[in-house]
Amino acid sequence: MTATPLFPGFDGLMTLSRREGVDIRPTLLRVLTDLYVQARTHTPDEERQYVELTSRLIDQVDDATRAAVRARLAIYPGTPPKTMLQLGLKPAHPGYRLPLAEEIPVAPLPAPPSKPPSEAQLRMASNLAMRPNDAAEISEMFFAANAGERALILHNLNETPLKASARIPVHRAKRAIEILEMAAFASDIENFALELGEALILPSRIANEVTNDPGGEALACALKALDMPSPVFQRVLLFLNPEFGSSVTNVYRISRLYDRLAERSSLVMLAAWRGSTMAVSRAKYRPALYDDERQRARSAPSQTRPAAQPGTTPTVRTGTER
């Protein structure tokens, strides 16, 4: 069966599902449902295709996944009648459409604890260029912050005069997005981090830290620098780390952050990650000073000079010499 543009990447998902030992049916059902409810209306062919794709998956997934899909479709006005009956949902009387759920209000971000601003924070608010030491401090400050503080840092980076990195070329970014999506489908974190580092010109240490970051904000920032489409980013969140993707709260929170994240903020953070590598290299290879050899030389014990030098003692004559 050929998938329509409503379900992009479905052929790759089905190929992955046929591999031995890989059970992606729960995640596949969630992805298909999320893609379906993004549109308010559907054509009869799209509705028929969704019913055919999900009818068997609903009976094969676990109770938690079935309950999550049931809750999602219960508030969607365009749920197919066959799917409603299969999930045990009561259809409304003819002509009645369920209202769409209101947007969840976003709580204000907690203010970070009042601490004296560091030199890097002061530089972020000034017109000075970012130095390697400041870039390293900004990177460390971002990874050490909590979710609310990270969102505030990214928001402030968009308004600072710090110089951002250049955009990734379109053809290189497009190729990287395809490779990253396939690596995420296979949950291949190692190759995902390798491709991310090559596309963004990051060392393996930073690329691995971004990929394995438990919060997800660093990954959102890195993929925003590649201008990855939002639906593709959501699929990466679901598949790359199954433990993270199984939490609807985590996926929803990072997806909203990704949609609101400015491109300039991601490029400034990318410049900070690159600059932090220069700071580490400078600290590792310290230039030698002109007097380093003299300071490292071992002091030799000084030799005592005899009081009388040879040839300076007067000769005593006895009278027998001629």
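Nothing here was measured: the structure is a model prediction, and the numbers come from that model. These values consider heavy atoms only, across backbone and side chains, with no hydrogens, waters or symmetry-generated copies. For reference, positions follow the sequence shown, starting with 1.
Using a 30° and 60° split on the angle between ring planes, Phe142 and Trp273 fall in the perpendicular class, above 60°. Note on ring orientation: taking the six-membered ring where Trp is involved, the planes of Tyr258 and Phe233 are parallel (angle under 30°, cut-offs 30° and 60°).
Using a 4.5 Å heavy-atom threshold, the side chains of Arg66 and Ile58 count as touching. Leu219 places none of its side-chain heavy atoms less than 4.5 Å from the side chain of Asp213. Proximity of Gln86 to Asp59: side-chain heavy atoms (C-beta onward) are separated by under 4.5 Å at one or more points. At a threshold of 4.5 Å between non-hydrogen side-chain atoms, the residues Arg235 and Leu35 count as touching. For the pair Val69/Thr54, no side-chain contact is recorded, criterion being any heavy-atom separation below 4.5 Å from C-beta on. At least one side-chain heavy atom of Leu240 sits less than 4.5 Å from a side-chain heavy atom of Thr211. Under the 4.5 Å side-chain criterion, counting only non-hydrogen atoms from C-beta, Leu154 is not in contact with Asn158. Side-chain contact check for Arg150 versus Leu257: every heavy-atom pair is 4.5 Å or farther apart.
Not a single donor-acceptor pair under 3.5 Å links the side chain of Thr79 to the backbone N or O of Met84. Checked by atom type and distance alone, the side chain of Ser139 never pairs as donor or acceptor with a backbone atom of Ala135 at under 3.5 Å. For Glu159 (side chain) and Asn156 (main-chain N/O), no donor-acceptor pair under 3.5 Å exists by modelled atom type. Panel note: side chain Ser265, backbone His155; no donor-acceptor pair is recorded below 3.5 Å.
Leu223 is connected to Ile168 through a chain of hydrophobic side-chain contacts under 4.5 Å among Ile, Leu, Val, Met, Phe, Trp and Tyr, so both are in one cluster. Connection of Leu194 to Val210 is not established within any shared hydrophobic cluster, with ILVMFWY side chains joined at heavy-atom distances below 4.5 Å, either directly or through further cluster members. Criterion: ILVMFWY side-chain heavy atoms under 4.5 Å apart, direct or through other members. Under it, Val37 and Leu87 are part of a common hydrophobic cluster. The hydrophobic cluster containing Leu196 does not contain Ile179, counting ILVMFWY residues as joined when their side-chain heavy atoms lie under 4.5 angstrom apart, directly or transitively.
Rounded to the nearest 0.5 Å, atoms CD (Glu178) and CD (Glu195) are 10.5 Å apart. Separation of atoms CG (Leu238) and OG (Ser255) is listed at 7.5 Å; rounding is to 0.5 Å.
For Ile254 against Ala220, the heavy-atom pair with the smallest separation is CG2-CB, 4.1 Å. Here the closest heavy-atom approach between residue Ala207 and residue Ala193 is recorded as CB-O, 3.5 Å. The two residues Tyr36 and His42 come nearest to each other via the heavy atoms O-NE2, 2.6 Å. Here the closest non-hydrogen pair linking Ser246 and Arg30 is O-NH2, 4.2 Å. Lys224 and Ala262 make their closest contact through CG-O, 4.4 Å (heavy atoms, listed as atom of the first residue, atom of the second, distance). Counting all heavy atoms, side chain and backbone alike, Ala225 lies closest to Leu267 at CB-CD2, 4.1 Å.
No donor-acceptor contact under 3.5 angstrom links the side chains of Ser247 and Tyr252, judged on distance only.
Atom CZ of Arg172 has more than 12 heavy atoms from other residues, nucleotides or ligands within 6.0 Å. In this structure, Gln38 places its CD atom where more than 12 heavy-atom neighbours from other residues, nucleotides or ligands lie under 6.0 Å away.
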### Task
Report the C-alpha separation of Glu217 and Arg253 in whole Å, then their side-chain angles, then the decisive distance to 0.1 Å, and conclude whether the salt bridge (charged side-chain N to carboxylate O under 4.0 Å, His left out) test is met.
CA-CA 10 Å; Glu217 294 85 2; Arg253 177 177 61 85; 2.7 Å; yes

### Query
When you look at Asp34 and Arg72, which way does the side chain to side chain contact (heavy atoms under 4.5 Å, CB included) test go after all the steps?
CA-CA 8 Å; Asp34 289 339; Arg72 192 71 183 273; 2.4 Å; yes

### Task
Would you check, one step at a time, whether the test side chain to side chain contact (heavy atoms under 4.5 Å, CB included) holds for Phe185 with Met182?
CA-CA 5 Å; Phe185 282 160; Met182 289 296 101; 3.2 Å; yes

### Intermediate values then yes/no, side chain to side chain contact (heavy atoms under 4.5 Å, CB included), Leu180 and Leu226
CA-CA 11 Å; Leu180 292 173; Leu226 290 173; 3.7 Å; yes

### Task
Mind running side chain to side chain contact (heavy atoms under 4.5 Å, CB included) on Leu202 and Leu270 for me, showing each step along the way?
CA-CA 9 Å; Leu202 291 174; Leu270 179 60; 3.8 Å; yes

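For Arg167 and Asp227, the salt-bridge test fails: no basic side-chain N is under 4.0 Å from an acidic carboxylate O. Using a cut-off of 4.0 Å between Lys/Arg side-chain N and Asp/Glu carboxylate O, Lys82 and Glu52 are scored as not salt-bridged. Looking at Arg256 and Asp259, no side-chain N of the basic residue comes within less than 4.0 Å of a carboxylate O on the acidic one, giving no salt bridge.
The side chain to side chain contact (heavy atoms under 4.5 Å, CB included) test with Gln49 singles out one residue from Leu53, Val51, Asp45, and that residue is Leu53.
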